[in-house]
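Positions are given from 1 along the sequence.
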Amino acid sequence: MMKNFSGSSPNNNKHQTNHRRYSLVSAAALRVSLRGYGFCMAALFLFCFGSLFYQLNGGPPRILLDVRQYLGESTYLDDHGPPAPRVLSFPSQVVYNRVGKCGSRTVVILLRLLAEKHQFNLVSSDIHNKTRLTKHEQVDLVKNISNIPQPFLYTRHVHFLNFTRFRIEQPVYINIIRDPINRFLSNYFFRRFGDWRGEQNHLIRTPGMKDDERYLDINVCILENYPECSNPKVFYIIPYFCGQHPQCREPGVWALERAKQNVLENYLLVGILEELEDVLLLLERLLPHYFTGVLNIYKSPDYRKMGNMTGTVRKHTPTLEALQVLYHRMRYEYAFYNFIRDQFHLIKRKIGLKSPSQPPAYSPAFLRELALRTPEPLDEDEELDADLDDANGWLVHP
């Protein structure tokens, strides 16, 4: 009998049918898995994009807050507290640790007008006689400043504070200083006789001052080495930039160099009062969100009327001998002042402002005499520039 090999058996037909069904199921499953994979990737992309948007804007999108509030009575703010403050595109934390009798009241008047115009928070402390702080006081002040709503400008008579020491973001610092002897003279007579707001003001500021102290001749104070006219009292400007370290209050190279380092690392600008209009112009360039229009306000007649009330009364220049002695006591202050003046002129040149003409290379006669009378010569790193103004230049403008 011949066997037929061309036909298919019933078993083979059943196997082929099962194979087709398996292929269809596999294809359907593959389609489902690809669709699910695509959905997962799309969800992941949206999550990453939403997270990026959240971080860039300092909080959740407004629509998420609205949806959350619609779905339930509690909101995102109820569950998690307020969102992180938005990171602004300009310096939004500015500290002006103003140096006494260096034009600070003039600048504060301008800041009050500017704060209203530009809508930034101006916080001006009424504490005037607490420049040195304990560690606990530093922590409290740093936290209080950092919690001010941004953008803000905080101003107070206080020595430099290192925020990073307490793991808080360092703000931008600004300041203004002036010729050290000019500052000393202004403070000396202001404590006794006040300013043009009324000479009776000095009675309020110094009610415990006796007449023999109030009317003490400044030459006697300097030449007879009264505490008010000698170190450490006349070592005044450098501690504002050196900081809160106890050694910052000791006249010497260490405090001087630390003050210089802090200026270079933490201050956007330190100007000099003798060139106040240029200081205001640079502040307008460097911090436009705070100081735009400040020069126009400063030059306006209405402001001039207010500014003229801040000048110290009964101020006069000591004798040449007293100036010599005072200059020697303030040699570190002058080293710092000359450093700041050079840095300020460097910034002016970079921006394109013309600095005032340089004084003669030879030192004034009274400084040459002082060098001969100095008991011990200054070290190389303490030498002062010899291009100071003569004694008449120390007559201060209010």
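Put simply, the side chain of Asn144 gets close to the backbone of Asp140: a donor and an acceptor are under 3.5 Å apart. When atom types are taken as modelled, the side chain of Arg249 and the backbone of Pro239 share no donor-acceptor pair closer than 3.5 angstrom. Panel note: side chain Glu284, backbone Thr292; no donor-acceptor pair is recorded below 3.5 Å. The closest donor-acceptor contact from the side chain of Asn175 to the backbone of Tyr96 lies at 3.5 Å or more, if one exists at all. Judged purely by atom type and a 3.5 angstrom limit, Glu333 has no side-chain atom pairing as donor or acceptor with the backbone of Met330. Remark: the backbone N or O of Lys101 is not paired with any side-chain donor or acceptor of Arg183 at under 3.5 angstrom.
Among all heavy-atom pairs drawn from Ala255 and Phe235, the shortest one is CB-CZ, 4.0 Å. When all heavy atoms of Ala115 and Leu122 are compared, the pair lying nearest together is CB-CB, 3.8 Å. For Val172 against Pro91, the heavy-atom pair with the smallest separation is CG2-CB, 3.9 Å. Here the closest non-hydrogen pair linking Phe184 and Cys229 is CZ-SG, 3.6 Å.
In summary, Glu274 and Arg341 do not engage in a salt bridge, as defined by a charged side-chain N under 4.0 Å from a carboxylate O. In this structure, Arg132 does not pair ionically with Glu137, as no charged nitrogen and carboxylate oxygen lie closer than 4.0 Å. By the 4.0 Å N-to-carboxylate-O rule, Glu257 lies close enough to Lys260 to be salt-bridged with it.
Contacts classified as disulfide bond (SG atoms under 2.5 Å apart) and involving residues 236-269 (residues at least two apart or in different chains) are given here: Cys242-Cys248. Listed by first and then second residue, the side-chain hydrogen bond (donor to acceptor under 3.5 Å, both in side chains) pairs involving residues 151-164 are Arg98-Thr155, Arg98-His157, Thr131-His159, Asn162-Thr164 (not counting sequence neighbours).
Considering only heavy atoms from C-beta on, Gln247 stays 4.5 Å or farther from Arg258 through its side chain. Side-chain atoms of Val263 and Phe336, non-hydrogen and from C-beta on, do get closer than 4.5 Å to each other. Using a 4.5 Å heavy-atom threshold, the side chains of Ile176 and Leu276 count as touching. Between Leu161 and Leu133, some side-chain heavy-atom pair lies under the 4.5 Å cut-off. Inter-residue side-chain proximity for Phe291 and Ile174 is flagged as met; some heavy-atom pair is nearer than 4.5 Å. A heavy-atom distance below 4.5 Å is found between the side chains of Ile222 and Ile218. Annotation: side chain of Tyr290 is not in contact with side chain of Leu114 (no heavy-atom distance under 4.5 Å). Counting only heavy atoms from C-beta outward, the side chains of Tyr337 and Tyr332 never approach each other to under 4.5 Å.
A cation-pi contact links Arg192 to Tyr188, judged by a cut-off of 6.0 Å to the six-membered ring centre and 45° from its axis.
Atom CG of Asn121 sits about 7.5 Å away from atom CD1 of Ile148, to the nearest 0.5 Å. Within the model, atoms CG of Leu346 and CD1 of Ile351 stand 10.0 Å from one another, a figure rounded to the nearest 0.5 Å. Rounded to the nearest 0.5 angstrom, Leu111 CG and Thr106 OG1 are separated by 11.0 Å. Atom OG of Ser230 and atom CG of Leu223 lie 12.0 Å apart (nearest 0.5 Å). Residue Ile297 holds its CD1 atom at 5.0 Å from NZ of Lys117, rounded to the nearest 0.5 Å. The distance from the CZ atom of Phe166 to the OG atom of Ser146 is 11.5 Å, given to the nearest 0.5 Å.
Around CD of Glu169, the count of heavy atoms belonging to other residues, nucleotides or ligands within 6.0 Å does not exceed 12. Atom NZ of Lys233 is surrounded by 12 or fewer heavy atoms from other residues, nucleotides or ligands within 6.0 Å.
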Dump the intermediate steps for side chain to side chain donor-acceptor pair (under 3.5 Å) on Asp179 and Tyr334, then the final yes or no.
CA-CA 8 Å; Asp179 178 283; Tyr334 270 100; 2.8 Å; yes

Please assess His289 against Val94 for the test side-chain contact (heavy atoms from CB on, under 4.5 Å), listing each intermediate value before the final yes or no.
CA-CA 11 Å; His289 291 83; Val94 180; over 6 Å; no

Stepwise, does the side-chain contact (heavy atoms from CB on, under 4.5 Å) test hold for Tyr240 with Val158?
CA-CA 7 Å; Tyr240 272 87; Val158 65; 5.8 Å; no

Apply side-chain contact (heavy atoms from CB on, under 4.5 Å) to Val270 and Tyr173, showing your working.
CA-CA 9 Å; Val270 181; Tyr173 272 90; over 6 Å; no

Let me see the working for Leu153 and Val123 under side-chain contact (heavy atoms from CB on, under 4.5 Å), right down to the final yes or no.
CA-CA 6 Å; Leu153 192 151; Val123 179; over 6 Å; no

Give the C-alpha distance, both sets of side-chain angles, the deciding distance and a yes or no for side chain to side chain donor-acceptor pair (under 3.5 Å) between Tyr267 and Asn97.
CA-CA 11 Å; Tyr267 282 80; Asn97 63 320; 3.1 Å; yes

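Using bins of under 30°, 30° to 60° and over 60° for the plane-to-plane angle, the ring pair Trp254/His245 lands in the tilted bin. Using a 30° and 60° split on the angle between ring planes, His118 and Phe120 fall in the parallel class, below 30°.
Aromatic pair Phe160/Phe241: ring centres not closer than 6.0 Å.
Under the 4.5 Å side-chain heavy-atom criterion for ILVMFWY residues, no single connected hydrophobic cluster contains both Ile177 and Val108. Hydrophobic clustering of Ile, Leu, Val, Met, Phe, Trp and Tyr side chains at less than 4.5 Å, counting indirect connections, keeps Tyr226 apart from Met209.
Looking at Val95, Val142, Asn266 one by one, the single match for side chain to side chain contact (heavy atoms under 4.5 Å, CB included) with Pro171 turns out to be Val95.
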